[in-house]
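In this chain, residues are counted from 1 in sequence order. For the numbers below, each heavy atom of this structure counts, side chains included, while hydrogens, waters and symmetry mates do not.
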Amino acid sequence: MRPEMKAPMNKVRDKWNRIYSKERLPGMPSAVLTDNADILPTGGVALDLACGLGTNSLFLAARGLEVHAWDISEVAISHLAEQARSLGLNIQTRVVNITAAALPTESYDLVVTSHYLDRSLPPAIMKAARPGGLICYQTFTAEKLVNKGPSNPDFLLQPNELPSFVPGCEILAATDQSHNTNENDPLAGRAFIIARKPGVSDGD
Ligand SMILES: C[S@@+](CC[C@H](N)C(=O)[O-])C[C@H]1O[C@@H](n2cnc3c(N)ncnc32)[C@H](O)[C@@H]1O
């Protein structure tokens, strides 16, 4: 990595480490998973990208998946590893700066990216899913009306952007709740998509 690239990533890591030093307990799993639990696999291997404290990893592992949980924050990852150990859940944690190059090929039955937007990743995420595997994205939108989520437009979805992340895939579920103003609704201000990569999974 070039030296000038290091500082921003260190800053990102430090910011999230500070947040997770205060906030130790994972919240509720993302609505993209809970609202669509019936179409998610209950076996195989899942990747939870930018997992944070791993609320989604814990949810998926409790349903029977082996989960690979990746995040840049070693503080979040160490909390998650401790939780997974104490609950006896199969979660393989990894401290990593997520880049397209870090993602393996055709390795996952499910790839989840929640509340994290890096537009360089979708093609690599498509590759990382196994044929027939599912890809789930959920994050805040640029048109959101709730006072939650990032303000930097780089981290906000443009209208109808999610389908462009999963070209050629079958869309199994999708919603855009940009105009939902109910602050208590876990989907308010967000959009999600669940898509199936073409091909037949080993489990079919
Ligand atoms: C808003 S949190 C989302 C956590 C979790 N996915 C959720 O939905 O609750 C964003 C996460 O992205 C992680 N992150 C930010 N930049 C990253 C990078 N370059 N590589 C890996 N993780 C990163 C942060 O450490 C943080 O845990």
Side-chain angles (χ1 to χ4, degrees), residues 1-33 46-61 66-87 89-104 107-108 110-125 127-128 135-142 144 146-158 161-162 165 183 186-192:
M1 187 183 280
R2 298 195 308 274
E4 68 271 21
M5 297 290 287
K6 274 191 177 158
M9 268 315 135
N10 286 348
K11 271 196 185 159
V12 169
R13 187 200 59 207
D14 293 349
K15 174 190 131 178
W16 285 102
N17 276 342
R18 272 195 304 278
I19 290 171
Y20 293 126
S21 298
K22 294 184 201 131
E23 178 191 314
R24 286 187 60 107
L25 288 177
M28 298 295 288
S30 297
V32 65
L33 302 181
L47 175 62
D48 183 3
L49 284 173
C51 61
L53 292 170
T55 174
N56 291 329
S57 297
L58 293 163
F59 174 79
L60 294 169
E66 172 184 331
V67 180
H68 295 189
W70 293 8
D71 200 280
I72 200 168
S73 164
E74 67 268 23
V75 175
I77 287 294
S78 102
H79 291 336
L80 174 57
E82 195 182 310
Q83 281 261 332
R85 248 193 324 272
S86 73
L87 294 167
L89 293 173
N90 189 0
I91 299 178
Q92 316 294 321
T93 54
R94 180 175 175 196
V95 178
V96 58
N97 172 25
I98 299 166
T99 59
L103 287 157
S107 300
Y108 295 105
L110 173 65
V111 183
V112 176
T113 314
S114 168
H115 300 130
Y116 182 67
L117 184 57
D118 174 344
R119 290 184 173 85
S120 71
L121 294 180
I125 290 173
K127 257 209 268 169
I135 297 165
C136 302
Y137 287 98
Q138 172 184 303
T139 200
F140 290 94
T141 70
K144 71 185 167 70
V146 287
N147 190 19
K148 282 183 182 170
S151 47
N152 181 341
D154 290 350
F155 302 133
L156 296 169
L157 291 167
Q158 290 304 308
E161 186 175 6
L162 281 177
F165 291 178
E183 300 270 344
L187 264 179
R190 293 130 164 125
F192 75 56

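Counting heavy-atom neighbours within 6.0 Å of Asn147 CG, excluding the residue itself, gives a total of 12 or less. Other residues, nucleotides and ligands place more than 12 heavy atoms under 6.0 Å from the NZ atom of Lys148.
Contact check for Thr55 versus Ser30: no side-chain heavy atoms found under the 4.5 Å cut-off. In this structure the side chain of Phe165 never reaches within 4.5 angstrom of the side chain of Ile135, judged on heavy atoms.
For Asp71 (side chain) and Ile77 (main-chain N/O), no donor-acceptor pair under 3.5 Å exists by modelled atom type. Listed for the Arg13 side chain is no donor-acceptor partner under 3.5 Å among the backbone atoms of Lys11.
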Q | Intermediate values then yes/no, side-chain contact (heavy atoms from CB on, under 4.5 Å), Tyr137 and Val32 | A | CA-CA 8 Å; Tyr137 287 98; Val32 65; over 6 Å; no

Q. Val112 and Gln138: side-chain contact (heavy atoms from CB on, under 4.5 Å), yes or no, with the steps?
A. CA-CA 8 Å; Val112 176; Gln138 172 184 303; over 6 Å; no

Q. Would Asn90 and Gln92 satisfy side-chain contact (heavy atoms from CB on, under 4.5 Å), going step by step from the backbone distance to the final call?
A. CA-CA 7 Å; Asn90 189 0; Gln92 316 294 321; 2.6 Å; yes

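Taking every heavy atom of both residues into account, Ala142 and Gln158 meet most closely at CB-NE2, 3.7 Å. Across all non-hydrogen atoms, the minimal contact from Leu121 to Ala100 is CD2-N, 3.5 Å. Minimum interatomic distance between Ala102 and Trp70 (heavy atoms only, all atoms of both residues): O-CH2, 3.2 Å. Across all their heavy atoms, Cys136 and Leu110 have their closest contact at SG-CD1, 3.6 Å. The nearest pair of heavy atoms linking Ala81 to Thr93 is CB-OG1, 3.9 Å. Scanning both residues, Phe59 and Leu33, for their nearest heavy atoms gives CE2-CB, 3.7 Å.
Among Val111, Val67, Ile91, Leu80, the one residue that satisfies the side-chain contact (heavy atoms from CB on, under 4.5 Å) test with Asp48 is Val67.
Of the inter-residue distances, the one linking Glu23 atom CD with Trp16 atom CH2 reads 8.0 Å to the nearest 0.5 angstrom. The distance from atom CZ of Arg18 to atom OG of Ser73, rounded to the nearest 0.5 Å, is 11.0 Å. Annotation: the span from Leu103 atom CG to His68 atom NE2 amounts to 12.5 Å, rounded to 0.5 Å. Ile19 CD1 to Asp14 CG: the interatomic distance, rounded to the nearest 0.5 Å, is 11.5 Å. Residue Asp118 holds its CG atom at 9.5 Å from OG1 of Thr113, rounded to the nearest 0.5 Å. With rounding to the nearest 0.5 angstrom, the CG atom of Asn56 is 11.0 Å from the CG atom of Leu49.
For Phe140, the ring-ring contact (aromatic ring centres under 6.0 Å, His included) partners two or more places apart in sequence, or in a different chain, are His115. Annotation: side chain to side chain contact (heavy atoms under 4.5 Å, CB included) contacts of Ala191 (sequence neighbours excluded): Thr141, Leu157, Leu162, Asp176.
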